[in-house]
Amino acid sequence: PGTTHNITDILIGRCEEYRKCLLGEPCLPSYRNVNCRAAVESFLGGIRNVDPCSTPYNAYDEFFKMVPPTTVRNTTMFWSGVSGTNVHLDVAQVTPDFSVLEETFPGYMANNLSWCGATDGDETGLGLNFTVCPQWSGATCPNNTKATFWAKASKMLATQAVGDVYVVLNAQRPGGAFNNYSFFATEEAPNLNPDVVTNVTIYLIPNFTLPIPNEMYAETCTNGSVLYLRNFLMNMNLNVTCVKNPKEIMWLQCARFADSPYCGPYAKGNPVV
Ligand code: NFD
């Protein structure tokens, strides 16, 4: 996939936006003091001239120290299997009640960008590859530049979460709504701290981009991988709530996907378990 050509400028620009609280997100006074040039230099510094498939796990440590992902108590929202529908951002952006990683300082800076190091003397002299970066897909290149970034950011988001937290899952995800290889499964769920996280609410929603309603292959709160996740979280000593088709999210999805068969008569809430 294409790499982001003006990555340095974009990162600095986004950092300046975030620092000045232009986004209306929960904005900490300490953000004002962030030196965006230094932050971006530490972001790129860890990967310059580095083989994109062997990014060190600590490549972004200095960057994350400068701008860690921070959320307000009772607002942290995770998501998995719904990228492409943007449901998580729809929901999080219209309400201060939820914050997703993409609304935190580092998440906002990096979201939807593609970048990686170059080992063979690139023509720009930046030590970055502006031609091609590894695909997301895990098997051949698991420790790639982007995956390492999001893994660390996701883990930090989960580790700092306090109070009630939320996760949005796609009930019709092939292979199950809760995917064992997802970042939510590997970096987020296991790093929730039961001493400070008071409840995990699972919002199980259908895939609004499907042309016909297909409940045949949809999971419920009480079967398949969602049941597995509930047990996993309960074994961590966490309280768990699961809601299928929560109205607040269904409405926002219908605003985005007006023709979805899940809007109208299908947009009915189901009991909470
Ligand atoms: P997904 P998720 N290796 O829909 N987050 O649970 C590589 F290289 O399955 C945010 O994985 O949900 N890529 C962002 C992968 C990215 C892998 C990642 C993998 N093993 C994580 N697994 C972001 N803003 O870009 C999945 N991907 C790719 C945090 C997949 O192709 C958020 O806090 C898709 O582009 C959220 O709670 C994207 O990662 C959770 O982790 C999402 O895959 C969502 O990750």
Side-chain angles (χ1 to χ4, degrees), residues 1-4 7 10-11 14 18 25 43 47 51-55 57 59-60 64 67-71 75-93 98-116 132-161 165-192 197 200-205 207-209 219 225-226 228-229 232-233 249:
T3 62
T4 308
I7 184 136
I10 293 170
L11 288 172
R14 287 183 177 185
Y18 206 95
E25 298 311 327
F43 181 108
I47 54 153
D51 173 351
C53 288
S54 18
T55 309
Y57 189 61
Y60 301 99
F64 283 125
V67 290
T70 308
T71 50
T75 68
T76 313
M77 175 176 265
F78 306 101
W79 54 269
S80 193
V82 295
S83 52
T85 69
N86 259 335
V87 58
H88 53 295
L89 276 178
D90 278 348
V91 178
Q93 277 170 353
F98 301 119
S99 332
V100 291
L101 182 57
E102 297 73 21
E103 292 178 295
T104 69
F105 208 136
Y108 179 75
M109 283 179 68
N111 198 26
N112 296 328
L113 303 184
S114 182
W115 69 95
C116 65
V132 66
C133 284
Q135 290 276 2
W136 266 119
S137 47
T140 53
C141 181
N143 300 319
N144 74 63
T145 317
K146 265 184 90 170
T148 302
F149 177 89
W150 289 111
K152 206 56 175 279
S154 305
K155 183 177 181 175
M156 290 178 77
L157 178 73
T159 305
Q160 61 86 55
V165 305
Y166 304 85
V167 59
V168 181
L169 298 179
N170 171 0
Q172 286 146 325
R173 184 177 192 158
F178 175 68
N179 177 304
N180 271 317
Y181 303 101
S182 65
F183 285 108
F184 175 67
T186 59
E187 308 296 334
E188 296 179 324
N191 286 304
L192 294 172
V197 171
V200 183
T201 299
I202 302 168
Y203 286 145
L204 192 57
I205 61 161
N207 181 348
F208 279 74
T209 64
E219 285 191 346
S225 70
V226 179
Y228 175 90
L229 172 62
F232 175 85
L233 295 170
I249 295 181

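Atoms within a ligand are numbered from 1 in the order they appear, just like the ligands themselves.
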Requested in this report: Nearest heavy atom to atom 41 (O) of ligand 1 wins, so pick from M156, E188, K146.
Outcome: E188
Requested in this report: Report yes or no: does T55 contribute a side-chain atom to a donor-acceptor pair with the main-chain N or O of N143 at less than 3.5 Å?
Outcome: yes
Query raised in the report: Can you list the ligand 1 atoms lying under 4.0 Å from a non-hydrogen atom of F78?
Result: 37 (O)
Report task. Answer yes or no: is there a donor N or O on one side and an acceptor on the other, between the side chain of S225 and the main chain of A177, under 3.5 Å? Result -> yes
Query raised in the report: Under 4.0 angstrom from ligand 1, any heavy atom of N111?
Result: yes
Query - Atoms of ligand 1, numbered as shown, that sit under 4.0 Å from any heavy atom of N144 - result: 8 (F)
Query raised in the report: Does S154 offer a backbone N or O that forms a donor-acceptor pair with the side chain of E187 under 3.5 Å?
Result: no
Query raised in the report: Are the side chain of T104 and the backbone of T70 linked by a donor-acceptor contact shorter than 3.5 Å?
Result: no
Query raised in the report: Near A147, which atoms of ligand 1 are under 4.0 Å from a heavy atom of that residue?
Result: 7 (C), 8 (F)
Query raised in the report: Is any side-chain heavy atom of S80 less than 4.5 Å from a side-chain heavy atom of R173?
Result: yes
**Report entry** Identity of the nearest option to atom 44 (C) of ligand 1, non-hydrogen atoms only, from Y108, W79, Y181, F178
**Finding:** W79
Query raised in the report: What class does the angle between the rings of Y18 and Y108 fall in, given that below 30° is parallel, 30 to 60° is tilted and above 60° is perpendicular?
Result: tilted
Report task. Find all atoms of ligand 1 within a distance of less than 4.0 Å from any non-hydrogen atom belonging to S154, and give their numbers and elements. Result -> 5 (N), 21 (C), 29 (C), 41 (O)
Query raised in the report: Any sub-3.5 Å donor-acceptor pair from N170's side-chain atoms to G81's backbone N or O?
Result: yes
Query - Test item: K146 side-chain N/O and P134 main-chain N/O as donor-acceptor pair under 3.5 Å - result: no
Report task. Quick one: sort the F184 and F78 rings into parallel, tilted or perpendicular, breaks at 30° and 60°. Result -> tilted
Query raised in the report: Any heavy atom of R173 sitting closer than 4.0 Å to ligand 1?
Result: yes
Query raised in the report: In terms of atom number and element, which parts of ligand 1 are under 4.0 angstrom from non-hydrogen atoms of E102?
Result: 10 (C), 14 (C), 23 (C), 24 (N)
**Report entry** Nearest option to atom 4 (O) of ligand 1, as decided by whichever heavy atom of G81, P69, A189, A151 sits closest
**Finding:** G81
Query - Under 4.0 Å to a heavy atom of F184 - the qualifying atoms of ligand 1, by number - result: 2 (P), 6 (O)
Report summary line: Numbered in order shown, the ligand 1 atoms found under 4.0 Å of a heavy atom of S80 are 2 (P), 4 (O), 6 (O), 9 (O), 12 (O)
Query raised in the report: Out of F183, F149, Y166, whose heavy atom sits nearest atom 2 (P) of ligand 1?
Result: F183
